Amino acid sequence: MLALACTGARAESPDLGRVATPDEIAAWDISIDPSGAGLPAGSGNARAGAAIFTAKCAGCHGETGGGKPNDALVGGSLTATPPVKTVGSYWPYATTLFDYIRRAMPWTNPKSLTDDEVYAVSAYILNLNGIIGANDTMNAQTLAKVSMPNRDGFIPFPRWPPPK
């Protein structure tokens with residue numbers, strides 16, 4: 001009876017869209033977890049990241065990530081009133097920074113940066129926050145080892161990692 005009811009409901013649907021192809025799903029299946037699993041090949045450093053940031057990020061985040069018109073990426077303090085949450089003061093994992101930049105930035109053209117550009121911009125932002133050195137190279141091995149200042153400021157989610 002339930003199967004018949006569901007079939008009828010499907011027949012009455014507005015028939016919008018289509019099933020995504022495996023290639024379309026793979027293009028968006030780019031999540032990076034805190035351990036660094038899923039990080040792609042490539043590398044970048046703060047020097048290369050500075051040029052990319054100036055060209056593609058500074059218009060929204062300021063010349064050195066200080067914000068205006070959008071959020072600040074540098075500085076911040078969780079003890080300020082109100083707290084100022086930035087990459088340097090709040091984010092628990094450097095891999096999350098890579099994942100967010102790769103998937104959502106620049107906001108006018110998301111997913112347009114190469115993996116090397118994402119590593120470089122990540123290195124630049126981490127360097128501006130004093131988390132890594134100016135000459136440190138970020139890649140799949142080194143980025144996952146970066147210890148963020150607020151790494152222990154979150155309560156672990158008991159279902160992480162997700163079941164396989």
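Nothing here was measured: the structure is a model prediction, and the numbers come from that model.
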Visitor: Would the distance check show the side chain of T86 and the main-chain N or O of G75 forming a donor-acceptor pair, the cut-off being under 3.5 Å?
Guide: yes
Visitor: Donor-acceptor pair, T142 side chain versus T137 backbone, under 3.5 Å?
Guide: yes
Visitor: For L39, does its backbone N or O pair with a side-chain atom of N139 as donor and acceptor, under 3.5 Å?
Guide: no
Visitor: If you take all heavy atoms of A46 and N127, which pair is closest and at what distance?
Guide: CB-CB, 3.8 Å
Visitor: Kindly give the heavy-atom pair with the smallest separation between P106 and K56, and that separation in Å.
Guide: CB-O, 3.6 Å
Visitor: Using 0.5 Å steps for rounding, measure from the CG atom of L126 to the CG atom of L73.
Guide: 10.5 Å
Visitor: Determine whether M138 and Y93 fall in the same hydrophobic cluster, where Ile, Leu, Val, Met, Phe, Trp and Tyr are linked whenever their side-chain heavy atoms lie under 4.5 Å apart.
Guide: no
Visitor: Any heavy-atom pair between the side chains of V121 and I125 that's under 4.5 Å?
Guide: yes
Visitor: Kindly indicate whether the side chain of M105, heavy atoms from C-beta on, has any atom under 4.5 Å from the side chain of C60.
Guide: no
Visitor: Do L143 and I52 land in one hydrophobic cluster if side-chain heavy atoms of ILVMFWY residues count as linked below 4.5 Å?
Guide: yes
Visitor: State, yes or no, whether a side-chain contact exists between I132 and V146 at a heavy-atom distance under 4.5 Å.
Guide: yes
Visitor: Give me the atom names and distance for the closest heavy-atom approach of A20 to I25.
Guide: CB-CG1, 3.9 Å
Visitor: One pair to check against side-chain contact (heavy atoms from CB on, under 4.5 Å): I101 and L97. What are the steps and the verdict?
Guide: CA-CA 6 Å; I101 293 169; L97 175 64; 3.6 Å; yes
Visitor: Side-chain contact test, heavy atoms from C-beta onward, threshold under 4.5 Å: evaluate it for T54 versus E63 and give yes or no.
Guide: no
Visitor: Cut-off 3.5 Å, side chains only: do D33 and S35 have a donor facing an acceptor?
Guide: yes
Visitor: Could you note down all residue pairs passing ring pair (Phe, Tyr, Trp, His ring centres under 6.0 Å) where residues 96-147 supplies at least one of them, sequence neighbours left out?
Guide: F53-Y124, F98-Y119
Visitor: What is the minimum heavy-atom distance between A72 and G66, and which atoms define it?
Guide: CB-O, 3.4 Å
Visitor: Taking H61 for the side chain and D71 for the main chain, is one N or O donor matched with an acceptor at less than 3.5 Å?
Guide: yes
Visitor: Could you check whether any side-chain N or O of S77 sits under 3.5 Å from a backbone N or O of T79, counting only pairs where one atom can act as donor and the other as acceptor?
Guide: yes
Visitor: Identify, with sequence neighbours excluded, every residue that meets salt bridge (charged side-chain N to carboxylate O under 4.0 Å, His left out) alongside D116.
Guide: none
Visitor: Count I, L, V, M, F, W, Y as connected when their side-chain heavy atoms are under 4.5 Å apart, and connections chain through other members. Are V84 and M148 then in the same cluster?
Guide: no
Visitor: Any chance CD of E24 has more than 12 other-residue heavy atoms, nucleotides or ligands included, within less than 6.0 Å?
Guide: yes
Visitor: What are the two closest non-hydrogen atoms of D136 and G133, and how far apart are they?
Guide: OD2-N, 2.7 Å
Visitor: Between W91 and F154, is any pair of side-chain heavy atoms under 4.5 Å apart?
Guide: no
Visitor: Please find the pair of heavy atoms, one from N150 and one from S89, that lie closest to each other, and give the distance.
Guide: CB-O, 3.5 Å
Visitor: With a cut-off of 6.0 Å (strictly less than), are more than 12 heavy atoms of other residues, nucleotides or ligands near CZ of R47?
Guide: no
Visitor: State plainly whether one hydrophobic cluster holds both L113 and L128, where clusters connect Ile, Leu, Val, Met, Phe, Trp and Tyr through side-chain heavy atoms under 4.5 angstrom apart.
Guide: yes
